[in-house]
*Asks:* 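Structure incoming, see below.
On a predicted model such as this, the values are computed, not experimentally measured, just so you know. We name chains A, B, ... by the order of the sequence lines, and we start the count at 1 in each one.
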There are 2 protein chains.
Amino acid sequence: MKEKEWSNSVGRPSNKAQRRAEIVNALQSVIARVGYEGASIQAISKEAGIASGLVHYHFQNKQEILVELVHSLTETSVTRYEELKKNASNAQEKIEAFIDAALALGDGSNEQAVAAWVVIGAESIRQEEVRELYKFTIARQLEELRNLLQNYAHEKKKNLSANSIEHISTMVISAIEGAYQLAATASKITPRNYAATTLKGMVFSVLDK
Amino acid sequence: MKEKEWSNSVGRPSNKAQRRAEIVNALQSVIARVGYEGASIQAISKEAGIASGLVHYHFQNKQEILVELVHSLTETSVTRYEELKKNASNAQEKIEAFIDAALALGDGSNEQAVAAWVVIGAESIRQEEVRELYKFTIARQLEELRNLLQNYAHEKKKNLSANSIEHISTMVISAIEGAYQLAATASKITPRNYAATTLKGMVFSVLDK
């Protein structure tokens with residue numbers, strides 16, 4: 001890489017952010033294919049089409065890239081939910097937006113992101129920093145979902161104990177995480193686009209029981 | 001290890017099976033702690049408290065141990081289900097037995113087995129042989145569950161399309177896989193023993209809707 005290109009690519013803030021995003025994206029592709037341990041800095045830089053020195057310039061180590069990937073996946077998911085929620089006028093539609101944002105994996109879905117998230121979930125068994133981030137994401141989702149279910153009960157004038165709300169919210173998050181697992185490894189033996197519709201059906205059935 | 005001990009420990013078939021089981025069990029402990037790639041033959045033999053040569057005597061490589069672990073976890077789960085099913089007198093109780101066998105993770109549950117299964121799920125993204133085994137297990141569960149739901153519909157004289165049965169079965173398996181994920185990484189922020197009861201509640205609500 002020529003001196004001029006180097007200074008260009010790391011000099012301006014916008015370029016810097018873009019370069020970091022490219023590296024994070026490259027990590028996502030690589031771990032979706034070979035797992036986290038197999039994702040060497042060399043493999044990441046090759047995937048990004050840049051020199052490995054540039055990866056080292058932007059990130060101290062592989063874990064730092066992984067942490068940014070977790071943030072980026074979470075942010076994408078939150079943004080998608082916020083977008084869908086804009087058109088929701090009541091609690092039921094907001095719950096639907098929440099589930100659709102997570103599971104409407106048909107068009108516009110990102111297989112690599114789903115596979116990467118499954119790898120991150122397993123990696124969080126092993127790495128405390130990843131686990132803390134993973135738990136933070138789950139905790140935030142649980143809180144949002146608990147609020148939505150509470151509003152739903154209020155709007156529909158239903159009695160739902162705090163316990164029920166907590167249990168149903170947790171099971172919805174479980175179902176979402178498990179649907180990612182099946183999408184990443186067993187999509188050939190599962191029905192197409194079953195997830196969001198079926199989960200919504202189960203949630204509203206139990207809420208309206 | 002002395003010559004005599006060696007021949008003792010690998011000579012008789014019952015000893016051989018037991019030794020293999022110990023090695024498989026050691027792999028389970030190690031991957032639950034450090035993941036699959038981190039599980040070196042050395043770490044496995046240390047965990048099992050045996051010489052690494054003995055691991056090599058019983059298994060060609062690490063993947064062969066992993067394959068046996070997948071079989072062993074599947075078998076344990078099937079046996080638990082068969083046991084619970086014995087006391088079930090109708091389709092509803094059999095569905096409950098299925099979910100309890102998978103998710104009644106309170107007493108007698110095996111945290112290491114759950115964590116190992118999550119690691120295996122993620123590993124099956126990367127390794128085709130593991131993926132085929134994982135898919136085979138999921139396919140068998142899906143088939144059993146489809147049959148149970150069909151029998152339930154028949155017994156309760158309900159109209160359930162083949163599509164609905166397939167979608168609900170798949171979502172139940174997703175929920176089970178995801179509950180393992182949360183149990184392995186986020187158990188501190190999820191309610192105790194929510195999984196089996198909540199999933200049964202959701203399934204029968206949607207079936208009886």
*Asks:* I'd like to know whether A/S174 forms a side chain to side chain donor-acceptor pair (under 3.5 Å) with B/Y180, so could you lay out the CA-CA distance, the side-chain angles of the two residues, the decisive distance to 0.1 Å, and finally the verdict.
*Replies:* CA-CA 8 Å; A/S174 295; B/Y180 293 156; over 6 Å; no

*Asks:* Indicate the atoms forming the closest heavy-atom contact of A/M171 with B/A195, along with that distance.
*Replies:* CE-O, 3.2 Å

*Asks:* Who wins among A/K135, A/R33, A/E37 for the most heavy-atom pairs under 4.5 Å with chain B?
*Replies:* A/E37

*Asks:* Is the number of heavy atoms from other residues, nucleotides or ligands under 6.0 Å of A/F136 CZ greater than 12?
*Replies:* no

*Asks:* Heavy-atom pairs under 4.5 Å with chain B are the metric here; pick the option from A/K188, A/E166, A/R131 that has the most.
*Replies:* A/E166

*Asks:* Among B/T185, B/V130, B/I120, which residue forms the greatest number of heavy-atom pairs with chain A at distances under 4.5 Å?
*Replies:* B/T185

*Asks:* Just so I know, are the side chains of A/I168 and B/T198 near enough to count as touching, which here means a heavy-atom distance under 4.5 Å?
*Replies:* yes

*Asks:* I want to check something: taking the side chain as every heavy atom from C-beta on, are B/T197 and A/H167 in contact at a cut-off of under 4.5 Å?
*Replies:* no

*Asks:* Does any backbone or side-chain atom of B/V203 lie under 4.5 Å from a heavy atom of chain A? Answer side chain, backbone, both or neither.
*Replies:* both

*Asks:* More than 12 foreign heavy atoms under 6.0 Å from NZ of A/K46: is that the case here?
*Replies:* no

*Asks:* With chain A as the partner, which of B/G35, B/G178, B/A122, B/S164 has the greatest number of non-hydrogen pairs under 4.5 Å?
*Replies:* B/G178

*Asks:* Highest number of heavy-atom pairs under 4.5 Å with chain A: which of B/L199, B/V206, B/I31?
*Replies:* B/V206

*Asks:* Give, for atom CD of A/Q181 and atom CD1 of B/I173, the distance between the pair rounded to the nearest 0.5 Å.
*Replies:* 12.5 Å

*Asks:* If you define the side chain from C-beta out and look only at heavy atoms, does anything of A/E177 sit under 4.5 Å from B/L182?
*Replies:* yes

*Asks:* Quick check on B/K209 against chain A: is it the side chain, the backbone, both or neither that has a heavy atom closer than 4.5 Å?
*Replies:* side chain

*Asks:* Any side-chain heavy atom of A/R126 within less than 4.5 Å of one from B/Y36?
*Replies:* no

*Asks:* Find out whether A/T170 and B/P191 are in side-chain contact, i.e. whether some heavy atom of one side chain is under 4.5 Å from a heavy atom of the other.
*Replies:* yes

*Asks:* Heavy-atom distance under 4.5 Å to chain A: side chain of B/L142, backbone, both or neither?
*Replies:* side chain

*Asks:* Which atoms form the tightest heavy-atom contact between B/I125 and A/A32, and what is the distance?
*Replies:* CG2-O, 3.1 Å

